[in-house]
Structures are given as C-alpha cells and as structure tokens.
Number of protein chains: 2
Amino acid sequence: MKKKVVLKDIAKEVGVSIATVSYVLSNGKDGRIGKEVTAKIKKVAKELDYQPNLIAKSLKSGKTNTIGLIVTDLSNPFYAHIARIIEDEVTQLGYTLMVSSSDEKAEKSWNLIKFLMHRQVDGFIIVPTAESEDQIEHLKEKKIPFVLIDRYFPEIPSHHVVVDNYTSAYKVVENLIQTGNTKIGILTQGNSLSHMKERTRGAIAAMEKHHLTINPTWLKEINFDSVEEDIAKGIEDLLTGDDPVTAIFFASNSLAIPGIKKVNHLGLKVPTDITIASFDQGEAFDLYYSPITYVHQPLSDLGKEAVHILTTEIASPGSGYQQVNLNAKMVVKESSRKDLIF
Amino acid sequence: MKKKVVLKDIAKEVGVSIATVSYVLSNGKDGRIGKEVTAKIKKVAKELDYQPNLIAKSLKSGKTNTIGLIVTDLSNPFYAHIARIIEDEVTQLGYTLMVSSSDEKAEKSWNLIKFLMHRQVDGFIIVPTAESEDQIEHLKEKKIPFVLIDRYFPEIPSHHVVVDNYTSAYKVVENLIQTGNTKIGILTQGNSLSHMKERTRGAIAAMEKHHLTINPTWLKEINFDSVEEDIAKGIEDLLTGDDPVTAIFFASNSLAIPGIKKVNHLGLKVPTDITIASFDQGEAFDLYYSPITYVHQPLSDLGKEAVHILTTEIASPGSGYQQVNLNAKMVVKESSRKDLIF
DNA sequence: TTGAAAGCGCTACCAT
DNA sequence: ATGGTAGCGCTTTCAA
C-alpha cells in the first residue's frame, strides 16, 4: 500500500520547500514564484497524482466546507426531493452535504447535531422536530450558522424558510367547501409544530368563514409511531361516526398515501363516495384514478433559499434573521371535484 | 464570539498537561490517571462544554469515519430509500454519510469521487454510471475501499451487492406470458449497465422459453435525458405499430411512473386494454386503480450488506471480493392479470 | 523569488 | 501517575 502523496513528496522531488509547493498549488495566481519552478511543481504534482488533504486544510482554516442537513426522514420522497435540491446547490458552491434523518425524534436530532458539530460542519439546514427548541438555542449560543426549513419555532428568532401553510390549507379546504362539502375531516400529525398548527388553523378558518359548524371529532391527530393504525381507525371513524364527513383533507403526503390506501380498502370511490385533498405533492397523486387535489410546495425555491441564507450567514455572520414565507400552489384535480359528479 | 473550548483550555483550568486531558477524555478506561485528576478533568470539560474536534482527530488518525454514498439521483424514491437504509446502518457504526447524486453522468460521478477522496472519506458505496470503469479502477489503484450497488462491472473484480436481475425479469415476463400475453413491449434505460443488460436478457429469455417470436421493435431503450418524450413515443409505437403489444414490462420505476401516466393519457384501461408489470417498488404502484405487478427489491438487505462489506473492508483491507446477489420478490397484482378479465 | 517555522487540535510514545 | 514532545498535512507570516 503505497503512501499518499503529500506536499513534502513534491517538494523533495522538485527540490524546493514545502511552502513553495503549497503556494503554487493552492494560490491560483502565479507570479510570486518563478515560472520554471511553478511549472515544474505542477508537472510533478500531476505525475505523482497529488491529492490535497482537505482535512488538513480544514484543521488549519477552521472551515470544513461541509454543511449538515437534518431532515425527518430521507426515505420520504418529500424530504428526499428537498435534500436533492440542497445537494445540488451546496455542491455548486463547493460544499459537501452530510445528510441525516431524525425520525421526528428530538433525541435523535440532538445526537445528530452534536455529532455533526464535532465534525465541524460550517452550518446546518434543519427540519426541526418537536421539543427541539433547546437544540436550536444551543446552536445559537455556539454561534453555529443554521437555517430551519419546513417548520420553525415562532418564539425563537432564527433564519427559516417555510411555505405559507395557513393560506394554503385555507384555500384547499375552501375549495372542498365550494365543491359542495360541509363536513370535512382533517388528518394531521405532529400538531405541536408550526407547520401543522398553521395548516390546521387554516383549514378551520376556511370552515368558519363559510359558517360551517365544526364537529371536533372531525379533527384526527395521527401519531408518528402508529401511522397506519391511527389512519385506518381515524378514517373509519370519520366515515361511520354519528356525523360522517363527505371529504377528507390530509395535512401531509405521509398522511395521504396510507390514507388513500385505506379509502381504497374500504371500497370507496373518489370523488363520488368521498372527496379528497392533500398537502404536498407525490408521484402517486397524479397516477391515482381520480387524480388528487393537492398543495404543491415550491421545493426548489425552498431549498435554494435555505442554502443561500445559510451560506450568506457563514460568510458574514450576524446580519439579521432571514425569514422567508413561500407561496404554495393549489393544484385542483378530480379528487376534490364533487361538483363534477352528475 | 467566544472561542471554541479545546484541550488546552481544560488543561490550563485543571492545571495538568494537555496529554493528560486527552488521555482521560478519549481513553475510556480510567485507571492510569489518578481518580481525583480524572474526576476534575471530566468536571471541567463538562463545565466548559468541551466539544472534541473530530477534524483534528482525523488528521492524526488518518480516518475520518465518514463514508461517501454516490447514487444516481437522491430524489428518486428508490435511491432515497437505499440512502436512508445505508444512513441508518453507518450511523449506528459511528460513521457519517456524505450523499451525492451523479445523475447517471460519468463526469459528475468522477468529480464527486475526487472531491470525496480529497475529503478523505474512509470508503465509498457507489451506484456506478455508464462509462465509469476508469473511476472504479482508480479507486482500486488508490486502495480506497468501495462497494458497488445496484449495478457493477463484470469485467472489473470488486465488491458488489445487486439483485438477481436476470431471474427477476424472467419471472415477471413469464408471468405476463402465462396470463395470456404473446406480444410484450420492454422499456429499458441505460442498457450498457449490468442491471439493465440482465433485465433485458431475462425478459427475452422468458419469451424465447415460451417460443414467442420477438419483434425487435418491442424493445425500446429510453434515453436518460429525454425520458418523458421517449416513453411517450415508445408506448405509442408499441401500441399502434404494425405489430402492437398487449403488455408492457417497465425495467425500472423511473420508467414505469411516466409510462403509466402515458397509458392513462391514452385512455387505456389496465389490465383490459394493456397489461403492465414493472421492476422496483413504488408507493404509486399500490395506489393505482389496477395495482401494478412488480419486482420488489430487498433494499434493506441490499443496503445493510453493502455497509457490512464496506466496513469490513475498511477494518481489514484486501481479503477477497464479496459479491452478493440478492433474490428479489415478484409481487403479482391486478395489472398483469389479463386472465382475470372475463 | 523562496523558505523556515509556527501552529491548527489532537494523540501516542517515551520519559520522568 | 503524569507530561514533554513530535507529528498528522497544510497554510501563512516573516525573513532571507
């Protein structure tokens, strides 16, 4: 196993000092070092196939050019998509991405944050979990640059990039109402988090605006740890209770997919038997026999904004918090068009 | 901005040497250092909220405890899922994952590999792109541990973990035949790669085995850069040509999703008008009105095996190549059951 | 134009 | 039981 080629090897080979080699190889602009020496160093570096050790450079500079991304679950297409966009952005800026999943668990999230801090990442992009306020505060104390996405903590000033959950939910539910529904079930998850609070608030506001009486049993909070069961039970409840609903609003894609599956199993036809709408996009939505009406989040803008804010913060820390609220687009398809039935 | 706490700070505070502090804090087993000193060092470390600098440790040890994962596209649910599994595995082993997407481009892949090598990753897990043989050879030359997944290069001995593409494709197509199809279209992509070669070979073998004449126009290779268009055109061709097919086998999920969309657009009913089967799982498959028959790849085993092989190689290099062939499971649903129609 | 040397934070060998 | 010191690979200041 031949050893790795380092600056010293080149220096020895060329017959100059390590400092000179370093200067030539890293400092783009030639000129300080003689033409011949410069050429020779570059030639030998290539011959020896010199590969710079970025770890050493990082130790010296205190910057690793890596950024940590913490999502709740990389296998969720929604977050995978965001991760991909962020990956492209940071790669273009010369950074490397370290990706991890917190599974909506504060403890996991905390471990990941500590671990990545020890690895000296230059900054974080985080989808915060419930009960992780202290972690965010900790990052602030330590002056580690970070940007929250998807959700944030209103009481903790920080950079964040989210979509206008309230308005989007409002619009979707209003759409449901306008197509003839007066009883609407709402499935949510992780209600202590800002995004869900807003979606719920928006949905309810739409119903109130249209003078609908809201039966509290129409609101179903799904537990992260028992999604399938909770959803199955929740939907059965909604449809067979004393006051059955005619429509269901899924507050996220991870609710909608198993939810629709359940609707299928019950043998219900969409939108005839039940009207459906969801937050988030998903490849399954379009393929469904009755394409699903959904809120399309601008993931590309979200990812790019987050990276932009983060890298700006890294470059010049402490110049005020950027708090971005992106508009989402409602895509109305057949699943919510009860009005189409004749 | 208060400086980061380093060993020296603790040493000064406690009144001992840096070496002692290092020893106490990193070497789990106490005993060599006095009880009191040990206790005091630990106490001060906690008070000062000491965070070890893993970069420095890496420089010293030559190990970074990071592994690089290169997939073709992290936003593809299939690869996202694999990434998630690998993430969990390596995290458990104390490693951090750096994830990147090559977009099936050898050049991108090469840049990523170089970049991650400079970052001194301890090893790679790679979904190799076409024309990237030299990159693999390069890793071998440099003695960087790596494991190929999903595909590999038969002519280059290396660790790899793949599924039995030939047999799986054979079985699915045979299923299509057994349910009454004699003319079957096959959509593939990236045919120079081992996995696609095998799938194509398997599909054709099944047809030959059943004495079907294969019309070469039934084989459509889809270009990575024009998936939508190629698929739309390919499917129209298959269905409206001189010798129209009654079934289509999609050799991957990224072919099936847009393919099924096209079938929908054409207003064709599955499985009445056209019978369908696909490689790879996808959440859309189950939700489809006529659930799709597919080859379920054991992603969990695949990811775990890859990590296991890689970490073993890192720990003790050069002890023979592990080449794993996993069995995939055929899941027969309604989309391929032409026999169900009456 | 070039190089010596210090130092980034940590570990580990060898003394004491 | 403790600590001095060298060194991982690189950059950068200051001198020559």
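Heavy atoms only: backbone and side chains are in, while hydrogens, waters and symmetry mates are out. All chains are named by letter (A, B, ...) in the order of the sequence lines, taking the proteins before the strands, and each is independently numbered beginning at 1.
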* Whole angstrom is fine here: how far is it from NZ in A:Lys4 over to P in D:dG7? => 20 Å
* Asked: How close or far is atom C1' of D:dG9 from atom CG of A:Leu25, stated in whole angstroms?
  -> 13 Å
* Taking the six-membered ring for Trp, are B:Tyr152 and B:His160 parallel (under 30°), tilted (30 to 60°) or perpendicular (over 60°)? -> parallel
* Would you say C:dT11 has OP1 or OP2 under 4.0 Å from some side-chain N or O of B:Ser22? -> yes
* Asked: Ion pair present between B:Arg151 and B:Glu133, side-chain N to carboxylate O less than 4.0 angstrom?
  -> no
* Asked: Between D:dT11 and A:Lys57, is there an OP1 or OP2 to side-chain N/O distance shorter than 4.0 Å?
  -> yes
* Picking from B:Thr96, B:Thr64, B:Asn65, B:Thr66, what satisfies side chain to side chain donor-acceptor pair (under 3.5 Å) with A:Arg119? -> B:Thr96
* Which nucleotide in C:dC10, D:dT5, C:dT2 has an atom nearest any side-chain atom of A:Val37 -> C:dT2
* **Rounded interatomic separation in angstrom, taking CG from B:Leu59 and P from C:dG9** => 12 Å
* Asked: Expressed in angstrom and rounded to an integer, what is the separation of B:Ile33 atom CD1 from C:dT11 atom P?
  -> 14 Å
* Going by an N to O cut-off under 4.0 Å, is there a salt bridge joining B:Lys304 and B:Asp88? -> no
* To do: Begin with the C-alpha distance, continue with both residues' side-chain angles, and end with the deciding distance and a verdict on salt bridge (Lys or Arg N to Asp or Glu O under 4.0 Å) for A:Lys105 and A:Asp225.
  => CA-CA 10 Å; A:Lys105 306 252 188 280; A:Asp225 298 319; 3.0 Å; yes
* Asked: Of the nucleotides D:dG3, C:dC10, D:dG9, which has the atom closest to the B:Asn53 side chain?
  -> C:dC10
* Structure fact -> Taking for A:Leu54 and for B:Ser17 the nucleotide of DNA chain D with the nearest heavy atom, the one nearer the 5' end belongs to B:Ser17
* For B:Ile18 and C:dG7, what is the distance between atoms CD1 and C1' respectively, to the nearest whole Å? -> 12 Å
* **Between P of D:dT5 and NZ of B:Lys8, the distance in whole Å** => 15 Å
* To do: Looking at every strand, decide which applies to A:Lys60 at a 4.0 Å heavy-atom threshold: base, sugar-phosphate, or nothing.
  => base
* Once you round it to whole Å, what is the distance between P of C:dT11 and CD1 of B:Ile10? -> 11 Å
* Check whether any side-chain nitrogen or oxygen of A:Thr20 sits under 4.0 Å from OP1 or OP2 of C:dG3, and answer yes or no. => yes
* N/O (side chain, A:Tyr50) to phosphate O (OP1/OP2, D:dC10) under 4.0 Å -> yes
* Asked: A:Gln120 has an atom CD; how far is it from atom C1' of C:dC10, in whole Å?
  -> 12 Å
